[in-house]
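Everything on this sheet refers to the single structure shown next.
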Amino acid sequence: MKPNLKPSRYPSRASEDSALIREVLDAGLFCTVAFVREGIAHQIPTGYCHDDSYLYIHAAAKSGFLDSIVGQTVSFSVTLMDGIVLSHSAFDSSFNYRSVVGFAVAEEVSDPAEKLEMFKVFTDRYVPGRIADVGDPLPEQVAITRIMKLSLDHAAVKLRRGDVNVAHLDKYDKWCGVVPVRQSYGHPEIDNQIKGKVELPDYIAKLVNMK
């Protein structure tokens with residue numbers, strides 16, 4: 001049965017446009033995967049990477065999480081909070097946000113070459129240039145890691161943008177508007193086990209706008 005991707009509330013805010021889906025997935029850092037195990041609902045937050053067709057997640061080979069979802073239909077979501085919309089009352093206040101929700105059968109990636117490629121994509125997604133610096137994972141490291149792919153065929157975006165959705169705000173004496181919310185990288189902190197002088201790589205400095 002094809003999942004229903006149209007929300008019952010504000011359906012006009014929803015879209016299955018692939019460009020919008022990729023925009024949210026590009027901007028997000030974590031996703032949540034929801035599934036049912038032994039009749040009990042579970043959800044796991046995890047990092048991810050993606051291409052135009054699939055969202056990829058990974059975990060240790062002994063992960064009970066991946067054992068539970070392989071071959072099963074799961075729901076996944078990524079949400080970005082873009083702003084706090086403050087109206088004249090708490091009741092009429094809201095959020096600006098972008099979210100992707102999808103349903104897919106969890107498929108295991110078993111080919112070692114494909115797994116290695118996804119390792120590299122995953123690493124450089126969070127810190128571009130890192131994999132060239134630290135090198136590819138060893139074959140034994142690839143072997144003890146499982147990677148699942150979730151199709152984006154049944155995914156949709158829901159979003160809210162804009163100002164307060166209340167008419168005649170000028171008759172109230174309260175400040176109304178949008179407080180933007182932004183996600184950003186902070187100043188890098190070198191691990192306290194590093195005793196010698198190790199320079200911050202240029203690719204990290206550029207990532208955090210230090211160059």
Side-chain angles (χ1 to χ4, degrees), residues 1-7 14 16-81 97-158 183 185 191 207:
M1 182 176 65
K2 185 178 178 180
N4 180 15
L5 293 171
K6 179 167 283 191
E16 295 181 43
D17 181 82
S18 59
L20 278 175
I21 291 172
R22 288 195 299 272
E23 174 189 307
V24 175
L25 296 183
D26 286 344
L29 295 178
F30 250 55
C31 73
T32 297
V33 178
F35 58 98
V36 175
R37 182 169 62 196
E38 298 178 355
I40 300 174
H42 293 70
Q43 57 178 346
I44 300 292
T46 183
Y48 68 91
C49 62
H50 74 94
D51 56 25
D52 288 343
S53 301
Y54 292 94
L55 182 144
Y56 296 84
I57 60 174
H58 75 282
K62 296 181 180 180
S63 166
F65 163 42
L66 297 191
D67 277 338
S68 297
I69 68 171
V70 63
Q72 304 299 315
T73 298
V74 302
S75 177
F76 58 90
S77 64
V78 175
T79 301
L80 306 170
M81 183 174 167
Y97 65 90
R98 290 167 289 160
S99 65
V100 166
V101 173
F103 299 86
V105 174
E107 305 173 58
E108 184 156 11
V109 176
S110 56
D111 178 67
E114 187 179 358
K115 288 176 67 176
L116 175 59
E117 182 60 26
M118 295 321 300
F119 260 104
K120 294 159 71 172
V121 171
F122 186 95
T123 302
D124 272 359
R125 163 173 153 68
Y126 287 92
V127 184
R130 184 64 175 174
I131 200 70
D133 189 5
V134 299
D136 293 351
L138 300 173
E140 54 266 34
Q141 294 172 326
V142 175
I144 62 172
T145 304
R146 295 173 76 182
I147 296 176
M148 298 288 170
K149 60 182 183 180
L150 309 175
S151 172
L152 296 174
D153 284 348
H154 300 300
V157 171
K158 187 180 181 186
Q183 179 175 262
Y185 287 90
D191 191 284
L207 178 70

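Only this structure's heavy atoms are used, side chains among them; waters, hydrogens and symmetry mates stay out. By convention here, the first residue in the shown sequence is residue 1.
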- Non-neighbouring partners of R130 that pass salt bridge (Lys or Arg N to Asp or Glu O under 4.0 Å), sequence neighbours left out: D133
- Message: D52: which residues meet the salt bridge (Lys or Arg N to Asp or Glu O under 4.0 Å) condition with it, sequence neighbours left out?
- Response: R22
- Task: Please identify each residue that fulfils side chain to side chain donor-acceptor pair (under 3.5 Å) with S68, with sequence neighbours left out.
- Result: R37
- Query: For S151, which residues count as a side chain to side chain donor-acceptor pair (under 3.5 Å) partner, sequence neighbours excluded?
  - Reply: D153
Quick one: [atom1] on [X] to [atom2] on [Y], what's the gap to the nearest 0.5 Å?
| X | Y | atom1 | atom2 | result |
| --- | --- | --- | --- | --- |
| I21 | E16 | CD1 | CD | 7.0 Å |
| S75 | L150 | OG | CG | 10.0 Å |
| L29 | Q183 | CG | CD | 4.0 Å |

- Residues pairing under side chain to side chain donor-acceptor pair (under 3.5 Å) where one sits in residues 136-145, two or more places apart or in two chains, turn out to be none
- Message: Per the side chain to side chain donor-acceptor pair (under 3.5 Å) rule, what does the pair list look like for residues 104-115, sequence neighbours excluded?
- Response: E108-R146
- Message: For P137 versus V142, what's the shortest heavy-atom pair and its separation?
- Response: CB-CG2, 4.1 Å
- Task: Taking the side chain as every heavy atom from C-beta outward, state whether V157 and D17 have any atom pair closer than 4.5 Å.
- Result: no
- Query: What pairs meet the ring pair (Phe, Tyr, Trp, His ring centres under 6.0 Å) rule with one or both residues in residues 102-136, with sequence neighbours excluded?
  - Reply: H58-F122, F122-Y126
- List the steps and the verdict of side chain to side chain contact (heavy atoms under 4.5 Å, CB included) for D124 and V121. CA-CA 5 Å; D124 272 359; V121 171; over 6 Å; no
Could you pull out every donor-acceptor pair under 3.5 Å between side chains of residues 44-51 and any protein atom, sequence neighbours left out?
{"residue": "Y48", "atom": "OH", "partner": "L25", "partner atom": "O", "Å": "2.7"}
{"residue": "Y48", "atom": "OH", "partner": "G28", "partner atom": "O", "Å": "3.2"}
{"residue": "Y48", "atom": "OH", "partner": "R125", "partner atom": "NH2", "Å": "3.3"}
{"residue": "H50", "atom": "NE2", "partner": "D26", "partner atom": "OD1", "Å": "2.7"}
{"residue": "D51", "atom": "OD1", "partner": "S53", "partner atom": "N", "Å": "2.9"}
{"residue": "D51", "atom": "OD1", "partner": "Y54", "partner atom": "N", "Å": "2.7"}
{"residue": "D51", "atom": "OD2", "partner": "Y56", "partner atom": "OH", "Å": "3.1"}

- Message: Under the criterion side chain to side chain contact (heavy atoms under 4.5 Å, CB included), I'd like the reasoning laid out for L152 against F76: C-alpha separation, chi angles, the key distance, then a yes or no.
- Response: CA-CA 10 Å; L152 296 174; F76 58 90; 3.9 Å; yes
- Query: Which residues pass the side-chain contact (heavy atoms from CB on, under 4.5 Å) test with T79, sequence neighbours left out?
  - Reply: S99
